[in-house]
Amino acid sequence: MKPPRRRYGLLAVVVTLIVLASLQIQFHHLKEDRLTGDRTFATTTTDPVHWRTGAEGLPRGIVHSNSDMYLRPLWDSGANPKNKNDNHNALLAMAVGISQMQNVDIMARKFLNQNYTVMLFHYDGNVDGWHNLEWSDKAIHILARNQTKWWFAKRFLHPDVVAIYGFIFLWDEDLGVDNFDPRRYLDIMVSEGLEITQPALDPDLSTDIHHRITIRNKMTKVHRRIYDNRASMNCSDGSKGPPCTGWVEGMAPVFSRAAWRCVWHLIQNDLIHGWGLDMKLGYCAQGDRAEKVGVIDSEYVVHQGIPSLGGPSLSSKTPRRSLDLRTHIRRQSSAELEKFKERWNRAVREDEEWTDPFDT
C-alpha cells in the first residue's frame with residue numbers, strides 16, 4: 001500500500017530543516033575558528049621570543065658579510081688564491097672593447113704581474129675575442145652592451161663585494177702605462193696618506209688633457225694643487241676645492257677601500273656617464289680633500305683620448321655614423337651633468353642634519 005503524498009512532503013520539510021541547521025552550525029564554527037586564529041596571531045606577535053630579520057637570524061659565526069673576485073677551482077688544487085703581496089691588495093676594473101685589446105693587454109699585465117685582480121667590463125658584446133690572451137682566464141669578464149664603467153661599477157663593485165681589496169682602480173681603457181708601476185704607485189699613495197688619487201698625465205704624449213691639475217710635474221713625487229692667476233681659475237694657496245685642489249679626473253681614479261665605500265653611494269644608478277662626480281669626490285676623501293686627494297707624478301700615464309665607447313672601431317666602415325653617436329653621447333652626458341647638479345643641490349637643501357665641511 002503506497003503512503004500518502006502528504007507524508008513525503010513532511011519528510012522533505014524535515015530534511016531541509018536538518019540541512020539548514022547543519023549549515024548554520026558549520027558557519028558558527030568557521031566564525032569561531034577565524035576569531036580564534038586572529039587571537040592566536042595577536043598572541044604570537046607579542047611572544048617573548050625575539051624573531052630576528054635578515055642575516056640577524058643566523059648565528060654570527062656563519063655570516064660572511066663580504067666577498068671577493070678570486071676565481072675558485074672546482075676541486076682542491078692546493079693553490080692559494082690570496083694575494084702574495086701582503087701590503088697591498090688591489091682591483092683593476094675597466095670597461096673595454098675589442099678594438100682596444102692590445103692596449104688593455106699591456107695594462108692588465110702590469111697588474112696581474114703583481115697578483116692583483118683584473119675585471120673587464122665588455123661593452124661591445126665581444127668576450128670570445130679575448131680568450132687568446134694567456135691571462136684571460138685569470139680575469140673576471142662581465143658583458144653588457146653599450147654600458148659605461150660607471151654603470152658597471154654601480155652594479156658589480158658594491159663595497160661589500162670588493163671589501164677584500166684595499167684599493168680600487170676604475171680606469172679607462174686608453175691609458176699608456178709604460179712609465180707606471182701599480183705597486184710603487186700604491187706605496188706612494190699609502191706613504192702620502194692619500195685616499196683618492198690618479199696618476200699624472202704625460203703632457204708631451206697625451207692627446208686629451210682637459211685640466212691643468214692632471215699634468216705631470218717632473219719636479220715632484222705628488223702634487224695636491226695647482227697655481228693659476230688667470231681670472232677663470234684663480235688658484236692660490238687659499239684655494240680649498242676643485243679645480244685647484246682636492247680633485248682628480250674621472251678617466252683614471254684610484255680609491256682606497258674607505259673612499260670607495262663612499263664613492264659607490266655617490267654614483268647615481270641612472271646617470272651612467274658619471275659627469276659631475278669628479279667635482280664631488282673630495283667629499284669621500286675621509287678628511288680634508290686638499291690633503292687626502294692628490295695626483296701622483298712619479299708614476300704617470302699617457303691619455304690616448306680614443307673615443308671607443310660609441311665611437312669608431314678599428315674596422316669601422318661607417319665613421320660618419322660613429323661621429324653622430326659621439327655627438328648624442330656628449331649631449332646625454334651634458335644633460336646628466338645638469339641632473340646630477342640638481343640632485344646634489346636638492347639633497348643639500350633637504351637634509352637638515354648635513355653640513356658642508358668645505359663651506360667656509
Side-chain angles (χ1 to χ4, degrees), residues 67-145 147-153 155-158 161-187 189 198-199 251-255 257 260 296 299-304 306 308-309 313-315:
S67 184
D68 58 53
M69 297 296 173
Y70 296 134
L71 297 176
R72 307 283 174 168
L74 294 177
W75 58 92
D76 184 9
S77 63
N80 184 358
K82 292 187 178 180
N83 196 332
K84 63 184 178 183
N85 300 321
D86 293 332
N87 54 341
H88 302 314
N89 200 3
L91 167 68
L92 169 65
M94 296 184 290
V96 301
I98 196 68
S99 64
Q100 295 299 314
M101 184 173 65
Q102 183 176 356
N103 191 67
V104 173
D105 180 26
I106 297 172
M107 296 173 68
R109 289 177 187 273
K110 288 268 185 174
F111 286 81
L112 291 169
N113 287 342
Q114 298 295 338
N115 208 28
Y116 298 152
T117 301
V118 171
M119 176 182 287
L120 301 183
F121 304 131
H122 297 273
Y123 58 73
D124 61 354
N126 191 334
V127 177
D128 292 343
W130 298 78
H131 292 335
N132 292 331
L133 298 176
E134 63 178 358
W135 52 263
S136 180
D137 289 344
K138 299 177 182 177
I140 307 296
H141 299 267
I142 298 177
L143 185 154
R145 290 182 179 274
Q147 301 303 315
T148 70
K149 69 179 182 181
W150 302 108
W151 184 93
F152 283 106
R155 287 150 182 82
F156 300 104
L157 298 183
H158 187 280
V161 174
V162 297
I164 192 70
Y165 302 104
F167 302 93
I168 306 296
F169 291 73
L170 189 58
W171 279 14
D172 289 355
E173 61 183 332
D174 61 343
L175 302 177
V177 293
D178 290 344
N179 298 291
F180 178 85
D181 182 276
R183 190 170 189 183
R184 288 200 301 263
Y185 184 93
L186 294 180
D187 285 340
M189 191 169 170
Q198 77 161 80
M251 75 180 75
V254 182
F255 306 101
R257 180 190 294 111
W260 178 247
I296 297 181
E299 300 296 323
Y300 58 97
V301 299
V302 174
H303 187 211
Q304 300 169 4
I306 301 174
S308 47
L309 178 57
S313 66
L314 294 179
S315 59

Could you tell me the separation between the [atom1] atom of [X] and the [atom2] atom of [Y], rounded to the nearest 0.5 Å?
{"X": "Ile296", "Y": "Leu186", "atom1": "CD1", "atom2": "CG", "value": "8.0 Å"}
{"X": "Tyr70", "Y": "Ile140", "atom1": "OH", "atom2": "CD1", "value": "11.0 Å"}
{"X": "Phe167", "Y": "Leu91", "atom1": "CZ", "atom2": "CG", "value": "12.5 Å"}
{"X": "Trp151", "Y": "Tyr123", "atom1": "CH2", "atom2": "OH", "value": "15.0 Å"}
{"X": "Phe111", "Y": "Thr117", "atom1": "CZ", "atom2": "OG1", "value": "11.0 Å"}
{"X": "Leu120", "Y": "Leu92", "atom1": "CG", "atom2": "CG", "value": "7.5 Å"}

- Item | Stepwise side-chain contact (heavy atoms from CB on, under 4.5 Å) check, Asp187 with His88 | CA-CA 8 Å; Asp187 285 340; His88 302 314; 2.6 Å; yes
Is [Y] close to [X] at the side-chain level, that is, under 4.5 Å between some pair of heavy atoms?
{"X": "His303", "Y": "Leu175", "value": "yes"}
{"X": "Ile164", "Y": "Met69", "value": "no"}
{"X": "Asp172", "Y": "Met94", "value": "no"}
{"X": "Ile106", "Y": "Val177", "value": "yes"}
{"X": "Asn126", "Y": "His122", "value": "no"}
{"X": "Arg155", "Y": "Ile142", "value": "no"}
{"X": "Val162", "Y": "Phe156", "value": "no"}
{"X": "Trp171", "Y": "Val254", "value": "yes"}

- If every non-hydrogen atom of Ala252 is compared with every non-hydrogen atom of Pro199, which pair is closest and at what distance?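 Here Ala252 and Pro199 meet closest at O-CD, 3.5 Å.
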- Item | Considering all heavy atoms, the nearest Gly125-Leu143 contact |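 Looks like O-CD1, 3.3 Å.
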Is there a donor-acceptor pair closer than 3.5 Å between any side-chain N or O of [X] and the backbone N or O of [Y]?
{"X": "Lys149", "Y": "Met251", "answer": "yes"}
{"X": "Gln114", "Y": "Leu112", "answer": "no"}
{"X": "Arg145", "Y": "Asp124", "answer": "yes"}

- Answer with yes or no whether the side chains of Ser136 and His141 bring together a donor and an acceptor at under 3.5 Å.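 Side chains of His141 and Ser136: pair found under 3.5 Å.
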- Ring centroid separation for Tyr116 and Phe169, is it under 6.0 angstrom?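 No - the distance between ring centres of Tyr116 and Phe169 does not fall below the 6.0 Å cut-off.
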- Query: What class does the angle between the rings of Trp260 and Phe255 fall in, given that below 30° is parallel, 30 to 60° is tilted and above 60° is perpendicular?
  - Reply: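 Correct class here is tilted.
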- Task: Please state whether the rings of Phe180 and Tyr185 are parallel, tilted or perpendicular, taking 30° and 60° as the class boundaries.
- Result: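 Phe180 vs Tyr185 ring planes: tilted.
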- Message: One thing to verify: whether Arg109 and Glu134 come together as a salt bridge, which I'm taking to mean a side-chain N less than 4.0 angstrom from a carboxylate O.
- Response: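 Salt bridge: yes.
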- Message: Using the rule salt bridge (Lys or Arg N to Asp or Glu O under 4.0 Å), only one of Arg183, Lys110, Arg184 pairs with Glu299; which is it?
- Response: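 Between Glu299 and the candidates, salt bridge (Lys or Arg N to Asp or Glu O under 4.0 Å) is satisfied uniquely by Arg184.
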- Which residues satisfy the side chain to side chain contact (heavy atoms under 4.5 Å, CB included) test with Met101, sequence neighbours excluded?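 Ile98, Trp130, Leu133.
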